[in-house]
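Letters A, B, ... are given to chains in the order of the sequence lines, protein chains preceding strands, and every chain is numbered from 1.
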Number of protein chains: 2
Amino acid sequence: MVMSSRSGADLALLLLGSYRNLVDEVVRELATRGYPDARPSHEYAIRAIRAGADSASDLARRLAITKQAAAKTIAALVERGYVTTETDPADSRRKNIRITDHGIGLITAGTEIFDEVRARWEVRLGAAELAELEAQLAQFVGDSPINLDAPGWAAGQELR
Amino acid sequence: MVMSSRSGADLALLLLGSYRNLVDEVVRELATRGYPDARPSHEYAIRAIRAGADSASDLARRLAITKQAAAKTIAALVERGYVTTETDPADSRRKNIRITDHGIGLITAGTEIFDEVRARWEVRLGAAELAELEAQLAQFVGDSPINLDAPGWAAGQELR
DNA sequence: CCGATCTGGACAACCAGGTTGACCAACACT
DNA sequence: AGTGTTGGTCAACCTGGTTGTCCAGATCGG
């Protein structure tokens, strides 16, 4: 008899715990694969950039954060060599973002690891069960104005 | 045909999104019930105190955070009137924490709201399905050294 | 009874990842 | 040209943590 939650507060902790578990593992593994300074937010940001966010304001909109926050993130990415910026020749206000090979490497590895961890979960739960779980979670998330493509609300995760 | 996740990264976002959804709603509702300044961490902290953490160091251990962080949290709780501290007569190093009526009110309301939200989810999913979901999440969390009673790792959630 | 060590607390500086607010320079529109 | 919009930046602040340092009070061994 598995002792599941029963209480709403526990449910919240289960959700957060699962998330952190997953993400911590990814970050840990990323570190061993040559990305010791990568943080979850970097992954999300680079993904958004790859998906077309080629300026700070753009990134801010995609991530649903302020442009200042986006600028800080970009600065961090530049510092770590995941990304470079250069002034747009056509519009000298803009600073175009370009992902470096190192940055590509990061999201490639990140995607792989995420999928590996998910695959492990799949083994434990069964493919159908995991798919159902995802569908259920999608329902909860779908309730809300939250945009899965805009994980700005995902702020605040630390790994220890 | 529900578009569920397929990718590990999306799964992470689903978990986090569900969590934030739940918690944001609780905080929002808490605000309308007379606890406008309550944050999730306050709830967790007061719960831990009620569960027996009667000093800062104690709370730190339970929450698996540093004692400095615990002290800051306690200061915030005192400031908001959820808790009071007084020097232990028997051990003048210690400062015993006592939960005020207002604090009791907070966790009472919090528990209620958490459960209400969970109940709504139960309606949508079915009781058996939600129970299964919780059991599955518990499995993921159970993998790890994380202690559900020690949500210190839960740090970083902002509501906007 | 006393010194060594452990424990509770506090101060200070820092960090990540956000937020507001003010501001300027460059572009676009009419 | 003049006005408004957009991209970027500076600065200050917030939350919830982190280290590191230090002291005072308690406890234990001799």
Side chain of Lys67(A), base of dG8(D): donor and acceptor closer than 3.5 Å?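 Donor-acceptor pair under 3.5 Å: yes.
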Side-chain-base donor-acceptor pair under 3.5 Å for Gln68(B) and dG16(D):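 When only heavy-atom distances are counted, Gln68(B) does not reach the base of dG16(D) through any donor-acceptor pair under 3.5 Å.
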Classify Ala56(B) by what it touches in the nucleic acid, base, sugar-phosphate, or nothing, heavy-atom distance under 4.0 Å.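 The residue Ala56(B) makes sugar-phosphate contact but no base contact.
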I'd like to check the salt bridge (Lys or Arg N to Asp or Glu O under 4.0 Å) partners of [X]; sequence neighbours left out, ordered by chain and number.
X         : answer
Asp54(A)  : Arg94(A)
Glu112(A) : Arg33(A)
Arg120(B) : Glu25(B)
Glu132(B) : none

In whole angstrom, give the distance that lies between atom [atom1] of [X] and atom [atom2] of [N].
X        : N       : atom1 : atom2 : result
His42(A) : dA16(C) : NE2   : C1'   : 9 Å
Asp58(B) : dT7(C)  : CG    : P     : 13 Å
Ile65(A) : dG7(D)  : CD1   : P     : 15 Å
Asp24(B) : dG18(C) : CG    : P     : 15 Å
Arg39(B) : dG17(D) : CZ    : C1'   : 13 Å
Ile74(A) : dG8(D)  : CD1   : P     : 7 Å
Arg20(B) : dT15(D) : CZ    : C1'   : 13 Å
Leu59(B) : dG17(D) : CG    : P     : 10 Å

Taking NZ, NE, NH1 and NH2 as the nitrogens, is one of them in Glu129(B) or Arg124(B) under 4.0 Å from a carboxylate oxygen of the other?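 No salt bridge links Glu129(B) with Arg124(B).
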Decide, yes or no, whether a salt bridge links Glu79(B) with Lys72(B) under the criterion of side-chain N to carboxylate O below 4.0 Å.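 Result for this pair is no, no salt bridge flagged.
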Please determine if a side-chain N or O atom of [X] lies less than 4.0 Å away from the OP1 or OP2 oxygen of [N].
X        : N       : result
Ser41(B) : dG16(D) : yes
Thr66(A) : dT19(C) : yes
Ser57(A) : dG8(D)  : yes

Pair listing, ring-ring contact (aromatic ring centres under 6.0 Å, His included) test, anchored in residues 50-99 of chain B, at least two apart: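 Sorted result for residues 50-99 of chain B: Tyr82(B)-His102(B).
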Of all residues at least two apart in sequence or in a different chain, which pass the side-chain contact (heavy atoms from CB on, under 4.5 Å) check with Arg93(B)?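 Here the qualifying residues are Asp91(B).
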For Ala9(A), enumerate each residue passing the side-chain contact (heavy atoms from CB on, under 4.5 Å) test, keeping only those at least two apart in sequence or located in another chain.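 With sequence neighbours excluded, Ala9(A) shows a side-chain contact (heavy atoms from CB on, under 4.5 Å) to Ser7(A), Arg47(B), Phe114(B), given in chain and number order.
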Protein-nucleic acid N or O pairs under 3.5 Å, nucleotides 1-3 of chain C:
none

Mind running a 4.0 Å heavy-atom check of residues 75-99 of chain A against DNA chain D and sending the residues that fall below it, in number order?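 Hits under 4.0 Å, by residue number: Arg93(A), Arg94(A), Lys95(A).
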